[in-house]
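Remarks on the structure that follows.
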Amino acid sequence: MISGLINEIVDASWLARPSPRVAPELIGCTLVRQLPNGEQIRGMIVETEAYETGDPACHAYRHRTPRNEVMFGPAGMSYVYLIYGIYHCLNIVTDLDGVASAVLIRALQLNPVSAAWVSQRQPNQKFSQKQIDRLAAGPGKLCRIMEIDRSLTGLFLHPSQPLWLEHRSVDLQTAIAQETVKLTQTTRIGISQGTDIPWRWYLTHSPAVSKA
DNA sequence: ATGAAGATCGCG
DNA sequence: GCGATCTTCATC
């Protein structure tokens with residue numbers, strides 16, 4: 001079937017579950033960024049972390065604030081914040097409306113066409129395959145590559161928007177189900193509280209993961 | 001008002 | 001290991 005060749009769009013209802021359930025299932029999905037000039041940058045998600053209400057590392061642990069407001073809203077929205085005054089980080093809001101939770105997108109394996117396009121933006125610079133693999137290996141790096149900043153927070157992830165998600169290919173879904181391809185589950189990184197909660201997942205052996 | 005810390009990254 | 005760089009939030 002023709003339709004079988006095209007990955008399905010991730011919709012809000014699929015994301016309306018607890019973030020620790022959604023986070024591992026987002027591994028292998030594709031994040032698509034449509035730039036204002038129409039250019040698309042596509043990357044497969046290879047690393048995620050879940051954050052939830054009741055979790056001391058979650059931005060919404062204490063109160064509802066202007067920054068974390070969108071995390072309390074319905075699933076399927078973006079939550080983008082600035083960290084260390086320099087980098088942006090992208091989250092996907094999950095769970096029911098009123099429940100603060102989200103999945104941090106920590107690393108992408110760029111699609112080859114996108115990787116070529118991104119590396120050609122820096123003229124006079126030659127990239128090894130290893131460098132290409134690591135172009136989006138980190139939450140701050142992937143936002144820089146995809147030109148994601150706080151102006152993109154609170155938007156509904158959908159192909160009519162500058163950002164959306166597509167499900168795993170059938171082949172990858174099969175490989176993960178049969179454990180030909182595996183996921184690693186471990187503790188989250190870069191935080192000082194909730195360090196023992198194992199809510200980080202990544203594609204085992206992927207060269208594009210931020211930290212193996 | 002003021003200050004401390006932060007879901008990072010690249011350099012040495 | 002450290003610094004860059006600036007927003008956010010808690011406290012004064």
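Per chain, numbering begins at 1; letters A, B, ... match sequence-line order.
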Problem - Nucleotide of B/dC9, B/dA7, B/dT8 approaching A/M71 most closely (side-chain heavy atoms) - result: B/dA7
Exercise for the section: Report the distance from atom CD of A/E147 to atom CZ of A/R144, rounding to the nearest 0.5 Å. Expected result: 10.5 Å
Exercise for the section: Output yes when at least one side-chain N/O atom of A/K141 is less than 4.0 Å from OP1 or OP2 of B/dG10, else no. Expected result: yes
Exercise for the section: Tell me which of A/G85 and A/L142 sits closer to the 5' end of DNA chain B, going by the nucleotide each one is nearest to. Expected result: A/G85
Practice task
Examine A/R188 relative to A/Y51 and say whether NZ or CZ is less than 6.0 Å from the centre of the six-membered ring and inside a 45° cone about the ring axis.
Solution key: yes
Exercise for the section: Would you mind pulling out the nucleotide paired to B/dA7, Watson-Crick or G-U wobble, both distances under 3.5 Å? Expected result: none
Handout entry: Separation of B/dA5 P from A/Y61 OH (nearest whole Å)
Key = 18 Å
Problem - A/L135 CG to B/dC9 C1', straight-line distance once rounded to whole Å - result: 14 Å
Practice task
Anything under 4.0 Å to a heavy atom of chain A counts; send over the first and last such nucleotide of DNA chain C, read 5' to 3'.
Solution key: C/dA4 to C/dA10
Problem - Polar contact flag, side-chain donor to acceptor under 3.5 angstrom, A/T65-A/N68 - result: yes
Handout entry: Spacing between A/N68 atom CG and B/dG6 atom P, to the nearest angstrom
Key = 16 Å
Exercise for the section: Evaluate the salt bridge (Lys or Arg N to Asp or Glu O under 4.0 Å) criterion for residues A/R42 and A/E166: first the C-alpha distance (whole Å), next the side-chain angles of each, then the deciding distance (0.1 Å), finally the verdict. Expected result: CA-CA 10 Å; A/R42 309 175 65 91; A/E166 297 175 6; 2.5 Å; yes
Exercise for the section: Quickly, which of A/K211, A/E47, A/Q185 forms a side chain to side chain contact (heavy atoms under 4.5 Å, CB included) with A/Y202? Name it, please. Expected result: A/E47
Practice task
Output yes when at least one side-chain N/O atom of A/S192 is less than 4.0 Å from OP1 or OP2 of B/dG6, else no.
Solution key: yes
Handout entry: Rounded distance (Å) that lies between atom C1' of B/dG6 and atom NE2 of A/H59
Key = 7 Å
Exercise for the section: Determine the Euclidean distance between corresponding P atoms of C/dC2 and B/dA5; express it in Å to zero decimal places. Expected result: 15 Å
Fill in the blank from the handout: Rounded to the nearest 0.5 Å, the CD atom of A/Q178 sits from the CD atom of A/Q173 at a distance of 10.5 Å
Exercise for the section: Look at all strands and tell whether A/H63 reaches a base, only sugar-phosphate, or nothing, counting heavy atoms closer than 4.0 Å. Expected result: sugar-phosphate
Practice task
Using whole Å, report how far CZ of A/R200 lies from C1' of B/dA7.
Solution key: 12 Å
Practice task
Working to the nearest 0.5 Å, report the span between CG of A/L26 and CD1 of A/I45.
Solution key: 5.0 Å
Handout entry: Side-chain-base donor-acceptor pair under 3.5 Å for A/Y81 and B/dA7
Key = yes
Problem - Aromatic ring of A/Y51 stacked on base six-ring of B/dA7, 5.5 Å, 30° - result: yes
Handout entry: Rounded distance (Å) that lies between atom C1' of B/dG10 and atom CD1 of A/I145
Key = 15 Å
Handout entry: Spacing of A/Y84 atom OH relative to B/dG10 atom P, expressed in whole Å
Key = 14 Å
Practice task
Describe the nucleic acid contact of A/R67 in one word from base, sugar-phosphate, nothing, applying a heavy-atom distance below 4.0 Å.
Solution key: sugar-phosphate
Exercise for the section: Could you tell me whether A/L104 contacts a base, only the sugar-phosphate backbone, or nothing, with contacts defined as non-hydrogen atoms closer than 4.0 Å? Expected result: base
Problem - Polar side chain donor-acceptor pair, A/R200 to A/T186, under 3.5 angstrom - result: no
Exercise for the section: Could you check how far NZ of A/K211 sits from P of B/dT8, rounded to whole Å? Expected result: 11 Å
Practice task
Identify whether any heavy atom of A/R144 sits under 4.0 Å from a base atom; if not, whether one sits that close to sugar-phosphate; answer base, sugar-phosphate or nothing.
Solution key: nothing
Practice task
Select base, sugar-phosphate, or nothing to describe what A/I86 touches, counting heavy atoms under 4.0 Å on all strands.
Solution key: base
